[in-house]
Amino acid sequence: MLDRMDLHTHTIVSGHAYNTRNEMLKAAKEKGIDVLGITEHAPAMPGSCHNMYFLNFKVLPRKYEGMSVLYGAELNILDYEGHVDLPESLLKELDLTLASIHTPCYVSGSIVENTNAYIGAMRNPYVNIIAHPDDKRFPIDYEALVKSAKKYHVILEVNNASLSPKSFRGDPRENYKEMLGLCMDYQVPVVMDSDAHVDVMVGNHGYAKEMLDMVGFPERLVVNYHRELLKEYINRGDLL
């Protein structure tokens, strides 16, 4: 099956990415992407954009030369209760949202505390995807994570950047083996994302695909292959 979806990318607005929106759109189209998500870091990330940036997404077209474009945010999980850094009034206007843990915005706690942070974020009805739940600096209970993703109807991400040899999150393969095995047990879907911060990385899921193949993960649970499945999980599935 063809993977023509990338839901986790960043532009210069995120503060530590290197291409404009138009450059990312052009790169995605050239690589044959059908659905692109531009998900800027939310305001708690140093150097990222103000709330007003997300408020004005209404002016942006959701099609680019036939490609569907979704605009959202990579929310920062801030504490062990799972609070995030955009208010509900803005979240409900976004096409899709990811929530993740980053060192500038979160202090790692115990396995229970870190797990509760993810679960708290998943309880938010506007959180669609948990991004890179693989970071070895933030140990978690993967069974609790997967069961909560099932309960709260949230997709779990297999992050290509995390699996790169250049990753600063530590080798996540053992964490992914555990998570993906549990996703198969509980029938929880995953999405492969590039987490691209530069145009040449858009749509690059090579390491993520290798990881899925390694564990024999079923294609029917991989959102990248099923636009109709994605519609069931994001805030604005009607845009697809």
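Note that this is a predicted model, so its numbers are computed, not measured.
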Notebook entry, point to check: Between Y142 and I119, is there a shared hydrophobic cluster once you connect ILVMFWY residues whose side-chain heavy atoms come closer than 4.5 Å?
Noted result: yes
In V188, L145, V215, the residue satisfying side chain to side chain contact (heavy atoms under 4.5 Å, CB included) with M179 is L145
- Query: Is there a chain of hydrophobic side chains (I, L, V, M, F, W, Y, each step under 4.5 Å between heavy atoms) that links V223 to I234?
  - Reply: yes
Worksheet item: Would you say N204's side chain and G206's backbone share a donor-acceptor pair under 3.5 angstrom?
Response: yes
Main chain of E23, side chain of D199: is a donor-acceptor contact present, judged purely on distance under 3.5 Å?
no
Check: Does R62 use its side chain to pair, donor to acceptor, with the backbone of L60 at less than 3.5 Å?
Finding: yes
Should the ring pair Y71 and F57 be called parallel, tilted or perpendicular, given that the plane angle runs from 0 to 90° and is split at 30 and 60? tilted
Between the main-chain N or O of Y80 and the side-chain N or O of N116, is there a donor-acceptor pair closer than 3.5 Å?
no
**Prompt:** Between E40 and T11, is there a donor-acceptor pair closer than 3.5 Å when you use the side chain of the first and the backbone of the second?
**Reply:** yes
Please answer: with hydrophobic residues joined when any side-chain heavy atoms are less than 4.5 Å apart, are V127 and Y152 in the same cluster? yes
- Query: Do any N or O atoms from the side chain of H226 and from the backbone of E219 form a donor-acceptor pair under 3.5 angstrom?
  - Reply: yes
*So, does D6 use its side chain to make a donor-acceptor pair with the main chain of G203 at under 3.5 Å?*
yes
Fill in: Main-chain N/O of A161 paired with K166 side-chain donor or acceptor, under 3.5 Å
no
Test ring pair (Phe, Tyr, Trp, His ring centres under 6.0 Å), reference H41, set H50, H16, H8, output is H16
| request: Classify the ring geometry between H102 and H132 as parallel (under 30°), tilted (30 to 60°) or perpendicular (over 60°). | output: perpendicular
Check for a donor-acceptor pair, side chain of N76 on one end and backbone N or O of L78 on the other, with a separation under 3.5 Å.
no
Task: Derivation of the ring-ring contact (aromatic ring centres under 6.0 Å, His included) call for Y18 and H197 - done: CA-CA 6 Å; Y18 300 95; H197 286 63; 8.0 Å; no
